[in-house]
Participant: 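The following block contains the structure, expressed as structure tokens.
In what follows, chains are A, B, ... by sequence order, proteins preceding strands, each numbered from 1. Side chains included, hydrogens not; waters and symmetry mates left out as well; all remaining heavy atoms used.
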There are 2 protein chains.
Amino acid sequence: MMQLHHDRSKTLKTPVLPAFPRPEGMTTHDYAFTRLRQAIMVGAFRPGTSITIRGLADALESSPTPVREALRQLTSIGALQFLENRRIVVPRITPARFEELISLRIALESHAARRAIAHLSDRQIDRIVALDDAIEMAITVGDKAGALIANQEFHRRIYTANPDQVAMPLIESVWLQLGPILGIAMEHVTELYVVDRHREAIDALRRRDEDAVAEAIAADIREGIGGFDHAAISKLLALAG
Amino acid sequence: MMQLHHDRSKTLKTPVLPAFPRPEGMTTHDYAFTRLRQAIMVGAFRPGTSITIRGLADALESSPTPVREALRQLTSIGALQFLENRRIVVPRITPARFEELISLRIALESHAARRAIAHLSDRQIDRIVALDDAIEMAITVGDKAGALIANQEFHRRIYTANPDQVAMPLIESVWLQLGPILGIAMEHVTELYVVDRHREAIDALRRRDEDAVAEAIAADIREGIGGFDHAAISKLLALAG
DNA sequence: TTCCGGAAAATGTGATCACAAAAGAAGATT
DNA sequence: AATCTTCTTTTGTGATCACATTTTCCGGAA
């Protein structure tokens with residue numbers, strides 16, 4: 001494998017991806033997929049951005065085959081879209097679609113939280129509290145991306161406590177679909193609010209109170225990214241073409 | 001494009017897929033994806049079945065590249081699994097995982113039904129009733145696969161009435177994950193029950209009664225495939241290796 | 001028979017290339 | 001200036017091949 005390949009040495013039009021080193025033994029395809037996925041999840045792409053296979057292959061210093069596979073996978077989970085004319089784009093979001101995504105997030109995540117409660121040990125809950133501290137730390141430092149990732153990890157840690165859980169991939173699909181608009185929002189919001197319902201969720205977890213946990217998670221989503229109303233989303237989308 | 005390629009003319013170990021003609025203009029990749037997806041959805045594959053890229057490429061009379069893309073997409077939605085040793089298999093199901101999937105189906109589909117109600121016209125409801133008639137017809141004739149597909153179409157038709165709906169792909173992901181065990185169940189169930197809550201759901205739709213619709217859908221799932229309890233699933237899985 | 005080791009076959013991976021379709025650029029026509 | 005036409009470039013698609021890893025097979029030793 002690993003033959004030489006010629007760099008096309010052109011100016012890359014492809015957006016710069018947050019780089020991360022390629023773990024030993026990871027396939028080219030998997031690397032491309034993971035890196036793209038991460039980039040979309042944290043809002044590195046704008047809605048409507050068009051992607052080219054060869055451009056990405058050059059950026060990742062590989063060839064079209066594994067990149068195309070990665071892009072295809074990303075379309076399967078709603079992160080990208082292959083249009084009729086065979087162009088590849090980051091899906092555009094309408095206010096209505098945005099509201100559907102938020103509503104779906106609430107349904108999925110409150111469900112996942114309920115199913116996880118029985119599996120959460122006190123020790124695990126302590127580790128989740130630590131994560132919440134990390135979030136507030138990132139916020140005070142002003143590290144938006146860091147806060148975002150830590151926040152996702154906070155939610156993920158709760159839901160995946162259930163070893164037989166099957167909802168996490170679907171939840172992440174929704175996160176991916178919200179990624180692009182999240183990127184826009186982050187740019188236009190100068191200061192980060194510290195309003196979250198994490199403490200409330202944690203208390204409810206400690207009490208093993210299903211309804212309270214579900215309500216705290218729902219409120220957290222509603223008041224977080226879900227807090228953008230119809231008009232705000234329209235404005236954001238207009239600002240970013 | 002469309003160069004010649006040599007048929008390896010061997011006995012194909014790959015399970016026979018329900019054939020369907022390739023629509024004009026559809027790419028090889030898309031054809032492979034659609035056909036495999038359909039096959040898995042109706043239970044044509046057993047849990048644990050292993051798949052090979054070249055085998056499928058031969059069966060579909062194409063080459064590894066587009067087939068691999070299709071398989072990769074199917075893994076993204078939980079229909080297949082690439083193992084560590086790079087083998088591709090239909091995921092195995094444990095009773096606990098089965099229960100999680102059913103529970104997730106209920107959460108997702110009752111949510112999708114709620115969000116669809118406002119968009120359903122009386123005319124659309126009439127068409128859904130016709131679909132329900134088709135299901136009962138298929139059942140009396142003994143056409144299991146037909147009944148299954150019509151049943152899925154019944155659900156899909158309701159949820160997709162909402163034009164901004166985003167849950168359908170996730171719901172189909174869950175259907176795909178249930179497909180293999182559904183295939184086993186269909187083999188070991190000699191007679192088809194006609195117990196469904198479709199009439200109840202339709203009446204609730206007509207009344208635009210959100211809670212009643214959600215409850216009817218939930219009951220339909222619980223008493224349908226969801227009706228298999230822990231013991232029954234274990235038995236089914238044991239019967240089919 | 002059982003277990004081990006090495007050869008042979010099968011299989012996933014990824015780079016490359018030819019092809020077709022789409023997009024973009026440039027010039028002519030209205 | 002706007003629109004259409006033609007040529008060039010870009011881009012997605014899919015077949016093919018070389019390579020590395022894994023699996024399978026088979027013969028010999030315990």
Participant: Picking from dA18(C), dG12(C), dT16(D), which would you name as closest to the side chain of Arg54(A)?
Facilitator: dA18(C)

Participant: Rounded to the Å, how far apart are Phe33(A) CZ and dG14(C) C1'?
Facilitator: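 Roughly 18 Å, once rounded to whole Å.
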
Participant: Roughly, in whole Å, what's the span from CG in Leu83(A) to C1' in dA23(C)?
Facilitator: 14 Å

Participant: Under 4.0 Å: is that the gap between some side-chain N or O of Thr28(A) and OP1 or OP2 of dG14(C)?
Facilitator: yes

Participant: Regarding Thr34(A) and Gln38(A), do their side chains bring together a donor and an acceptor under 3.5 Å, going by distance alone?
Facilitator: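 Side-chain D/A pair, Thr34(A) to Gln38(A): absent.
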
Participant: With a cut-off of 3.5 Å and sequence neighbours excluded, list every side-chain donor-acceptor pair involving residues 160-168 of chain A.
Facilitator:
unit_1	atom_1	unit_2	atom_2	d
Thr160(A)	OG1	Arg156(A)	O	2.7
Asn162(A)	OD1	Asp164(A)	N	3.0
Asn162(A)	OD1	Gln165(A)	N	3.4
Asn162(A)	ND2	Arg115(A)	O	3.1
Asn162(A)	ND2	Glu100(B)	OE2	2.9

Participant: Measure the distance from CD1 on Ile53(B) to P on dT22(D) and round it to the nearest whole Å.
Facilitator: 15 Å

Participant: If you compare every side-chain N and O of Arg68(A) against the phosphate oxygens of dT13(C) (OP1, OP2), does one of them come in below 4.0 Å?
Facilitator: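 For dT13(C), OP1/OP2 do not have a side-chain N/O of Arg68(A) under 4.0 Å.
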
Participant: So does Gly43(B) get a backbone contact from the side chain of Arg46(B), meaning a donor-acceptor N/O pair under 3.5 Å?
Facilitator: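 Yes, because the side chain of Arg46(B) sits within donor-acceptor range (under 3.5 Å) of the backbone of Gly43(B).
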
Participant: Which sits closer to the 5' end of DNA chain D, Arg87(B) or Glu69(B), going by the nucleotide each is nearest to?
Facilitator: Glu69(B)

Participant: Tell me whether the side-chain N/O atoms of Asn85(B) come closer than 4.0 Å to OP1 or OP2 in dT21(D).
Facilitator: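 Answer is no, no contact under 4.0 Å.
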
Participant: Rounded to whole angstrom units, what separation is found between the CD atom of Glu84(A) and the P atom of dG12(D)?
Facilitator: 15 Å

Participant: Once you round it to whole Å, what is the distance between C1' of dT21(D) and CZ of Arg86(B)?
Facilitator: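 Spelled out: CZ on Arg86(B) to C1' on dT21(D) is 7 Å.
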
Participant: Roughly, in whole Å, what's the span from CG in Leu56(A) to P in dG14(C)?
Facilitator: 15 Å

Participant: Taking only residues two or more places apart in sequence or in another chain, which ones pass ring-ring contact (aromatic ring centres under 6.0 Å, His included) with Phe82(B)?
Facilitator: none

Participant: In whole angstrom, give the distance that lies between atom CG of Asp58(A) and atom C1' of dT10(D).
Facilitator: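 Distance check: Asp58(A) CG to dT10(D) C1' gives 13 Å.
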
Participant: Between Leu170(A) and Leu104(B), does a side-chain contact (heavy atoms from CB on, under 4.5 Å) hold up when you go through it step by step?
Facilitator: CA-CA 10 Å; Leu170(A) 307 193; Leu104(B) 181 56; 3.7 Å; yes

Participant: Is there a side-chain contact between Thr65(B) and the phosphate of dG14(D), meaning an N or O under 4.0 Å from OP1 or OP2?
Facilitator: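 For Thr65(B), the contact criterion (side-chain N or O under 4.0 Å from OP1 or OP2 of dG14(D)) is not met.
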
Participant: Quick check for you: among dT11(D), dG12(C), dA15(C), whose closest atom lies nearest to any side-chain atom of Ser62(A)?
Facilitator: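 Given the options dT11(D), dG12(C), dA15(C), the side chain of Ser62(A) is closest to dA15(C).
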
Participant: How many Å lie between CZ on Phe82(A) and C1' on dT11(D), as a whole number?
Facilitator: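 It is 11 Å, rounded to the nearest whole Å.
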
Participant: The side chain of Thr27(A) is closest to which nucleotide in this list: dT13(C), dT16(C), dG12(D)?
Facilitator: dT13(C)

Participant: Hey, which sits more toward the 5' end of DNA chain C by its nearest nucleotide, Pro66(A) or Ile88(B)?
Facilitator: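 Result of the comparison: Ile88(B).
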
Participant: Looking only at the side chain of Thr52(B) (C-beta and beyond, no hydrogens), which of the listed nucleotides dG12(C), dG12(D), dT16(D) gets closest?
Facilitator: dG12(C)

